[in-house]
Amino acid sequence: MNKILTLLSGAAFLTLGAQAHAQDALKIALVEMLSGPNAATGSVYVSAAKYEIDKLNEAGGYNGKPIVLLTYDNQGTPAGAADKVTAAINDGARIIVQGVSFAISGQITDDVRRYNLRHPNDPVIFLNAGSEAGPMTGEKCHFYHFKFAADAASRMRAIAKVFHDKPISNGKVFLVNQNVLFGHEMEAASRQLAAEGGLQIVDSVLHEPSKLQDFSPIVARIAASGADTVIVGSWGNDVLLLMKAAAEAKLKVKFVGMFFDFPGNISSAGETGEGTINMEVFNPENGGAAGLAYGRDFMAKTGAWPYAPQDRTVFTLAYLGEALKLAPTKDGKISIKDIALSLEKATYQAPHGTISMRREDHQAYVPIAISEVSRKAAMKLEGTPFGLYPIANVSGQDSIAPLQASCKMTRPD
Amino acid sequence: MEFVVSSLLNGLIYGLLLFMVSAGLTLIFGMMGVLNFAHGSFYMLGAYMGYFLSSRIGFVPALFGAGIIVGLIGIFCERFLLQPVHDQGHAHELLVTFGLLFIFDEIVKIVFGQFAVSYAVPASFSFEVFRLGNFGYPFYRLFIGVVALVLFSGLYALIRFTRAGLVVRAAVQRPIMVQVLGHNVPLVFMFVFAGGAAMAGVAGAIAGALLTTSPTMARDIGTLVFVIVVIGGLGSVAGALAASLLIGVFNTFAVGIDWTIADALLADRPAAARGPDRRIAADTAVDDGWGFCPTS
């Protein structure tokens with residue numbers, strides 16, 4: 001009996017091995033910040049990626065096999081990311097997903113480009129789910145990088161359109177940004193688009209990111225400037241500190257910015273947050289019934305209501321799922337080049353609009369969801385009476401930043 | 001003018017807040033001879049205790065509660081973690097405090113989660129005391145200043161004018177001699193450590209409501225208080241006060257004024273040489289790990 005079992009299992013093992021060789025599973029590597037002080041920012045990508053990969057696998061996976069998700073901790077440094085990209089490629093992953101920090105995404109996109117130069121017949125795809133910096137689709141652009149993030153320009157184009165259609169302020173605007181590349185891009189985009197939205201920028205400030213504890217001096221400047229709207233490109237704790245300092249000084253202004261849906265922000269800001277306008281790639285309520293259904297499903301599976309970086313990750317992978325449908329394997333062989341080519345052609349119907357890809361620089365057309373922290377929201381967040389109530393959805397075609405001349409893409413076809 | 005006045009006030013009060021944290025650190029340094037890396041953690045634990053207790057027993061009792069609990073944690077750390085390695089020398093003590101920093105960070109994440117908690121200034125404390133132009137000055141900031149000053153004068157009086165303070169000062173300078181005279185020096189050290197931790201705890205409970213209460217708090221303030229303690233002279237409470245005020249005021253004005261020395265040096269250059277562009281260059285310079293690659 002024992003002998004037969006051994007024989008049988010041996011045979012099963014052999015056939016399995018043969019199949020695995022003939023029919024490879026698609027491996028996707030998530031190389032994200034999972035330890036260190038900013039681990040909270042990176043670790044949310046994991047649950048989101050797992051959520052969507054599970055969905056793709058329920059629908060049949062790819063190449064007759066479930067898609068495999070591998071996760072790597074880049075330790076929050078470009079050097080750590082470079083190591084983990086090498087490890088992921090050695091482990092057989094040919095699609096890399098990442099999002100937090102331009103320094104890290106910039107490193108990964110360069111590493112992937114160089115790997116592809118050396119291995120033209122065995123390329124790697126980089127799906128950028130969050131890095132917004134201009135150079136990603138400018139001087140650093142290459143064929144195998146696909147950007148699903150919004151950016152300073154697209155967010156500001158969307159908000160300018162909303163301000164234009166529906167004047168929310170008296171037109172006097174103060175800009176608060178972090179003194180890093182993204183902050184500079186936000187400031188430049190704000191200045192450029194102010195006229196379009198009928199706005200006048202009265203003053204602006206650039207501050208060091210995550211260094212400042214006391215934002216009262218900036219609040220004093222806002223008060224002195226007479227602005228009634230503050231456009232904030234800062235993120236993380238800085239937004240919260242700014243809003244708390246404003247509340248403390250009883251400064252009545254409307255905050256317009258992003259990342260207000262970051263867990264903890266709405267409850268920490270409390271009443272101060274009411275009326276704050278959030279511009280992000282998605283907010284479940286902006287997607288109507290389908291959006292809310294997605295939010296509830298996400299919450300049921302991962303235990304938390306999704307927030308924008310997670311939505312971006314889900315959409316990025318869902319979009320990949322659409323592209324995979326257009327790139328069927330031949331004889332069980334996965335062709336990364338075919339997948340990359342179909343990533344250019346796919347479209348994904350998100351609850352609030354269509355996502356497609358601009359062929360020239362691989363910046364996705366991502367709809368921008370503009371929402372307001374309000375008591376009217378159907379889904380109250382974090383035990384507060386507030387949620388994100390939809391104001392408008394601006395399509396990817398209307399919000400996308402213009403092509404950058406510095407993008408010189410060499411195509412494999 | 002109102003900008004200068006409000007910035008000066010904000011700076012002084014921020015400085016006093018920093019002093020509450022750095023006073024304990026400098027005292028502990030004077031005693032142990034090493035910097036306590038976990039001191040920022042006591043500040044963070046204080047904030048979380050304040051958050052946890054204020055919804056249960058009220059805000060002011062929560063401040064006392066936070067101080068007492070963090071003080072007890074300090075006693076535990078000193079008695080059971082630091083004293084056993086005391087004979088091994090400074091490097092061991094330093095490593096223990098460094099390890100505690102990580103342990104406290106992780107404990108807070110496990111218990112309270114990775115994100116900021118909603119801890120805010122209570123409504124009864126949130127009114128304006130006076131107006132500076134169109135800018136209301138909040139009562140809570142004055143409250144911070146008053147608490148810090150009360151703590152400072154209490155600490156100063158304790159160290160300067162009481163017999164216990166005399167023993168503490170003597171134990172810091174000549175521990176063996178004090179022990180020979182019949183005083184329990186390890187006990188003195190334990191209470192100084194607990195006192196320093198408790199002060200940081202109270203500061204955390206107060207600042208957590210004003211700023212944010214999140215697991216990164218310990219690191220946010222850690223570096224700054226090290227700088228203060230070094231500028232103020234290691235071990236000197238009065239020096240810590242002076243350095244805290246200096247850094248508080250300097251920091252506040254530096255944020256409010258958008259002007260750098262480099263701007264002045266480049267004032268005669270065309271605009272293209274100045275402005276944000278050079279900062280962008282510095283920001284993107286991290287990209288190239290493989291500079292030798294000709295195609296990069």
Side-chain angles (χ1 to χ4, degrees), chain A residues 37-40 43 78-79 82 102-103 106-107 110-111 113-114 117 133 135 140 179-181 183-185 187-188 204-208 210-221 223-224 226 237 240-241 244-245 247-251 262-270 382-384, chain B residues 2-3 6-7 9-11 13-14 17-18 105 109 113-121 126-128 132-138 140-141 207 209-216 219-221 224 248 251-258 276-277 279-280 283-284 286-290 293 295-296:
Chain A
N38 292 320
S43 52
F102 165 58
Q107 174 75 43
D110 281 351
D111 285 357
R113 193 195 63 219
R114 282 184 286 251
L117 280 170
K140 281 179 186 294
N179 194 2
V180 294
L181 179 58
H184 289 277
E185 289 185 352
E187 186 163 326
S204 69
V205 68
L206 288 165
H207 65 87
E208 293 302 311
S210 320
K211 288 259 165 62
L212 215 57
Q213 292 287 309
D214 186 1
F215 273 74
S216 54
I218 293 179
V219 170
R221 273 182 62 175
N237 230 4
L240 208 51
L241 287 167
K244 281 192 133 184
E248 206 205 345
K250 304 258 187 278
L251 182 72
F262 189 81
N265 275 17
I266 288 183
S267 61
S268 296
E382 300 170 10
T384 65
Chain B
E2 60 197 53
F3 171 76
S6 74
S7 291
L9 259 175
N10 283 335
I13 283 172
Y14 184 48
L17 179 70
L18 290 173
D105 265 14
K109 281 186 201 165
Q114 298 204 0
F115 305 106
V117 294
S118 66
Y119 181 32
V121 176
S126 138
F127 55 90
E128 54 187 65
L132 291 162
N134 56 353
F135 186 77
Y137 204 80
Y140 194 73
R141 281 181 187 258
L210 178 76
L211 310 172
T212 57
T213 302
S214 74
T216 58
R219 284 158 205 271
D220 290 346
I221 197 135
L224 205 52
N251 222 345
T252 307
F253 274 101
V255 173
I257 298 167
D258 249 356
D277 290 359
R279 282 174 267 189
I280 291 178
D283 203 57
T284 51
V286 284
D287 71 334
D288 212 338
W290 291 343
C293 182
T295 52
S296 72

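Within every chain, numbering begins at 1; the chains are lettered A, B, ... in the order of the sequence lines, protein sequences first and strands thereafter.
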>> Does any backbone or side-chain atom of A/Phe215 lie under 4.5 Å from a heavy atom of chain B? Answer side chain, backbone, both or neither.
In response: neither
>> Between A/Thr384 and chain B, with a heavy-atom cut-off of 4.5 Å, which part of the residue counts as in contact: side chain, backbone, both or neither?
In response: neither
>> With a 4.5 angstrom heavy-atom cut-off, is it the side chain or the backbone of B/Val117 that approaches chain A, or both, or neither?
In response: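 Just its backbone gets close to chain A.
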Nearest heavy-atom pair of [X] and [Y]: which atoms, and what distance?
X: B/Ser118; Y: A/Ser267; answer: CB-O, 3.2 Å
X: A/Ser216; Y: B/Asn10; answer: OG-ND2, 3.0 Å
X: A/Leu240; Y: B/Thr212; answer: CD2-CG2, 3.5 Å

> At what distance, to the nearest 0.5 angstrom, does CG of B/Asn251 lie from CG of A/Asp214?
Replying inline: 8.5 Å
> Just how far is it from atom CD of A/Glu248 to atom OH of B/Tyr137, taken to the nearest 0.5 Å?
Replying inline: 7.5 Å
>> Please check: side-chain N/O of A/Lys244 versus main-chain N/O of B/Ala209, any donor-acceptor pairing under 3.5 Å?
In response: yes
>> Just so I understand: if I count every heavy-atom pair under 4.5 Å between each of B/Pro215, B/Ala116, B/Ala120, B/Gly248 and chain A, which residue has the most?
In response: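 Winner by heavy-atom pair count: B/Ala116.
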> So which of B/Leu210, B/Ile13, B/Leu17 has the biggest tally of heavy-atom pairs under 4.5 Å with chain A?
Replying inline: B/Leu210
